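Some notes on the structure that comes next.
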Amino acid sequence: MEKYVYSFKEGNKDMRDLLGGKGANLAEMTNLGLPVPNGFTITTQACNRFYEENEELWQDLKEEIRKGIENVEKITNKGFSDKENPLLFSVRSGAKISMPGMMDTILNLGLNDVTVEGLSKKTNNERFAYDSYRRFIQMFSDVAMGIPKAEFDKILNKQKEKRNIESDIDLNTDDLKEIVKEYKAIYKKYIGEEFPQDPKVQLFNAVRAVFMSWNTPRAKTYRKLNEISDTLGTAVNVQEMVFGNMGMNSGTGVAFTRNPATGENVLFGEFLIDAQGEDVVAGVRTPEPIARLENELPSVYKEFKETVEKLEKHYKDMQDIEFTVENGKLFMLQCRNGKRTTKAAINIAVDQVNEGLITKEEAILRIEPKSIDQILHPTFEEKDVKSKEEITKGLPASPGAASGVVVFSPDKVIEYHKNNLKTILVREETSPEDIDGMVYAEGILTARGGMTSHAAVVARGMGKCCVAGCSELRVDEEDKVIRYHGGEIKEGDMISIDGSTGYVYLGEIKKVTPELSGNFAKFMEWADEFRTLEVKANADNPRDAKQALDFGAQGVGLCRTEHMFFDDKRIFQVRKMILSKTLEEREKALEKLLPYQRGDFEGIFKVMEEKGVVIRLLDPPLHEFLPKTKEDIESLAKDMGITTQVIEDRIEDMKEFNPMLGHRGCRLCVTWPEIYKMQVRAIMEAAINVSEEIKKDIKPMIMVPLIGELKELEFVKGHLVEEINKVFDEKNKKLAYEIGTMVEVPRAALLADEIAKEAEFFSFGTNDMTQMTWGYSRDDYGKFVNAYIDNGIYERSPFDSLDTEGVGKLLDMATKLGRQTRPDIHVGICGEHGGDPRSIEFCDAIGLDYVSCSPYRVPIARLAAAQAAIKRKSK
Ligand code: PEP
Ligand code: MG
């Protein structure tokens with residue numbers, strides 16, 4: 001029979017798959033001899049079986065849970081439902097990968113009308129016992145039985161009003177007894193039976209509730225966002241309760257062994273005296289810095305500090321720790337590798353290499369490549385900040401700079417987002433239900449909650465700017481207004497927030513690009529030592545090329561020339577060229593375009609100097625450039641001396657049923673070679689001009705799109721070479737260049753050995769290759785791709801992350817075939833997949849020479865390529 005329940009003594013940190021992250025680490029800490037309250041973990045496997053609706057499971061599981069309870073009873077000398085010395089449990093979820101605030105917890109389980117008296121006598125604190133009981137009834141009813149929490153809040157508030165008091169703390173024992181009575185009545189009203197008095201029934205229901213919480217909409221959204229598989233399931237941790245709310249000698253807190261925002265090597269955290277853990281995590285009360293613990297409970301602080309230092313050394317990583325102090329005794333409730341900003345992650349990794357704790361390889365593998373994006377983005381321009389009114393300062397919960405209009409609900413964020421408007425989501429405090437809105441907001445601002453509140457943790461994970469705990473702000477979500485000392489901010493007003501300092505400003509502030517020096521530069525240098533793939537950039541203009549160079553690109557892997565055609569100033573000539581009736585007319589229009597194109601290429605060559613630049617000749621169907629408005633058609637007709645009707649007829653003639661598979665790419669050259677000829681002339685003239693000007697060799701690499709057949713390439717290449725030789729003759733100068741092809745039509749991959757006879761390099765255009773291999777139009781797949789993902793047909797869109805089995809097979813094959821013909825052929829990828837870490841790992845595995853991606857993804861690609869190489873070598 002499968003084993004579903006493990007005592008903490010039976011597990012260890014490597015059993016995350018089965019015990020979840022929390023369970024595995026509780027076991028590890030127990031076995032390290034740390035003060036962990038006793039308990040057991042119900043496996044993720046049990047959760048998965050639960051979803052298979054296996055009734056037998058329940059019988060087996062209940063039996064194992066009973067044994068688990070007995071075990072804890074023996075060790076603690078307490079009894080589950082013992083009226084003198086009652087054993088109480090906390091019941092918490094714990095998946096393999098932590099999902100903060102996403103799932104539900106029940107505390108104080110085991111209390112009933114009898115044990116509450118036992119707890120009261122034992123602690124000599126009747127008020128505490130009844131407060132715990134009413135909290136339990138509320139949590140159990142809400143979490144396990146789905147009774148609206150608001151019902152309980154109503155009763156609590158009514159009692160406070162009746163007694164004319166403001167805070168829960170002022171409720172006396174009689175009030176709490178009254179509340180317990182009314183809570184139980186609510187339970188009966190909703191469920192139709194009395195509140196369960198049998199602790200075992202309570203526990204079984206709680207376990208079921210945790211299993212159910214794995215599939216709540218908010219948990220599903222979080223998993224989708226973080227690419228966590230739905231099939232992992234959650235474990236359930238059943239652990240003896242310890243109480244942080246037993247007076248001034250007790251408390252609870254959350255700490256990180258290093259600062260999770262900056263990475264600074266100091267103990268960082270928050271602590272609340274006389275409180276239960278949920279008060280800190282949920283951001284209900286604003287906690288104190290951990291340093292206060294040293295003054296309040298010095299010996300506990302000392303023990304705590306030693307313990308967490310030991311844990312960091314043991315796990316070789318920064319730890320995030322939850323702890324409770326019950327009557328002066330320290331208990332560890334959780335430890336895990338702490339979530340951190342990317343800036344902190346890099347600083348910690350570099351420091352830990354310098355401290356000798358981890359190797360460079362470990363440091364490199366530790367940073368999620370996509371997360372680098374967080375630090376590449378702008379901060380506020382200092383000068384502009386000074387001119388803005390500062391409203392308040394909150395906690396710098398997640399770095400970055402964001403401006404947007406104020407909205408008060410996640411729905412509004414989405415509504416504004418659909419209209420391309422940037423928003424700041426402002427909340428009293430965020431809750432897990434807000435996650436959909438948080439995704440689309442530019443930034444998040446909350447009035448309550450600390451650095452470890454829900455908003456802070458989730459925003460940091462998303463790399464989203466967040467300022468939390470702005471206690472001077474009154475956020476009125478109902479009237480949609482923020483009140484502050486200087487006035488009011490209404491929905492739709494523009495504000496700016498700085499997640500690195502915590503400042504909040506009125507109006508929009510200009511932003512500047514970040515400095516990428518210090519530890520970041522060092523870390524990226526380390527990555528470069530390991531990677532074997534070259535990283536180039538897709539850049540169509542000098543500005544993007546410069547940005548890419550600053551991010552460490554080794555050349556331009558794709559310059560799409562059509563973007564130059566779309567330019568406002570040139571489009572008129574482009575249209576004339578397309579609509580010309582005769583070759584002569586067309587050549588005249590092309591002549592006008594030539595200086596523009598030459599200027600574009602000169603700009604890029606000057607930036608990239610000797611680094612190779614791959615220029616792709618015109619690709620899209622010509623009708624994309626044609627005029628759409630009446631005015632544009634009229635002014636063209638006037639200039640060309642033809643009627644608007646002639647133009648409209650021509651436009652009609654050029655319409656295609658499947659433009660993506662139509663008259664585009666090299667097919668344009670087969671019909672109108674003069675366009676490509678103008679382009680290569682512009683490229684070669686620019687290359688000669690710049691190489692003379694800067695006295696460096698410029699390396700133009702001319703790339704022909706959409707080739708599917710050798711003769712097609714021969715035809716195009718013939719025209720190109722003829723024109724290039726003309727330029728050489730005219731200029732009386734020669735220059736080394738290469739002509740290569742994109743491999744994006746599956747036929748080109750199948751016949752890559754043939755194509756390589758003429759192509760000096762290959763670049764996989766995996767956007768088109770995915771389109772043509774799957775038969776999914778790039779323009780239309782968005783309508784159905786999500787249904788495929790939701791139905792589990794595939795995990796992610798093949799346009800986002802390379803389909804390594806199908807499209808990847810073509811890439812692998814084409815590379816091998818190409819190299820058979822031309823062993824030194826340079827092979828790379830320039831589709832969107834070139835910046836996707838998972839796809840990069842595949843490119844490394846099949847031995848490509850380079851990847852090319854958009855400038856902001858260059859550092860991501862450098863790191864992903866390094867990780868791929870390290871993993872490959874360690875296999
Ligand atoms: C491709 O098809 O992958 C590619 C890079 O070209 P484009 O996206 O311009 O079609
Ligand atoms: Mg393409």
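Not measured: the values here are computed from a predicted model. Each ligand, and each atom within it, is numbered from 1 in the order the structure gives.
Cation-pi geometry between Lys536 and Tyr850 is satisfied (NZ or CZ under 6.0 Å from the ring centre, within 45° of the ring normal).
Residue contacts with ligand 1 include Arg664, since one or more of its heavy atoms lies under 4.0 Å from the ligand.
At a heavy-atom cutoff of 4.0 Å, ligand 1 is contacted by the side chain of Arg560 but not by its backbone. Under 4.0 angstrom from ligand 1, there are no non-hydrogen atoms of His833. Contacts between Asn538 and ligand 1 below 4.0 angstrom, taking non-hydrogen atoms only, are absent altogether.
With contacts defined as side-chain heavy-atom distances shorter than 4.5 Å, the pair Tyr596/Phe565 does not qualify. The shortest side-chain heavy-atom distance between Lys370 and Asp836 falls under the 4.5 Å cut-off.
The aromatic rings of Tyr440 and His417 sit tilted, their planes meeting at an angle between 30° and 60°. Between Trp672 and His663, the angle of the ring planes goes over 60°, which puts this pair in the perpendicular group of the 30/60° scheme.
Here the shortest heavy-atom pairing between Pro705 and Gly665 reads CG-CA, 3.8 Å.
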Verdict with supporting geometry, Arg616 and Glu562, salt bridge (charged side-chain N to carboxylate O under 4.0 Å, His left out): CA-CA 9 Å; Arg616 202 256 314 265; Glu562 53 270 17; 2.8 Å; yes
task: Give the intermediate values and the outcome of side-chain hydrogen bond (donor to acceptor under 3.5 Å, both in side chains) for residues Gln597 and Thr561.
output: CA-CA 8 Å; Gln597 283 261 280; Thr561 53; 5.2 Å; no
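Every atom of ligand 1 is numbered from 1 in the order shown, and the set under 4.0 Å from a heavy atom of Asp619 is 10 (O). Per-residue contacts place Met742 under 4.0 angstrom from the following atoms of ligand 1 (heavy atoms of the residue considered): 4 (C), 5 (C), 6 (O). Counting the atoms of ligand 1 from 1 in the order shown, those under 4.0 Å from a heavy atom of Leu558 are 5 (C).
The CD atom of Glu744 lies 11.0 Å from the OG1 atom of Thr773; values are rounded to the nearest 0.5 Å. With rounding to the nearest 0.5 angstrom, the OG1 atom of Thr766 is 5.0 Å from the NE2 atom of His833.
For the Mg ion (ligand 2), the set of protein N/O/S atoms nearer than 2.8 Å consists of Glu744 OE1, Asp768 OD2, ordered by chain and number.
Between the choices Arg616, Arg778, Glu562, Gln771, the shortest heavy-atom distance to atom 6 (O) of ligand 1 belongs to Arg616. The residue from Pro705, Cys830, Gly765, Gly665 that puts a heavy atom closest to atom 1 (C) of ligand 1 is Gly765.
Nearest non-hydrogen protein atom to atom 3 (O) of ligand 1 is Asn767 N, 2.7 Å.
Side-chain atoms of Ser797 come within 3.5 Å of backbone atoms of Phe799 as a donor-acceptor pair (strictly under, hydrogens ignored).
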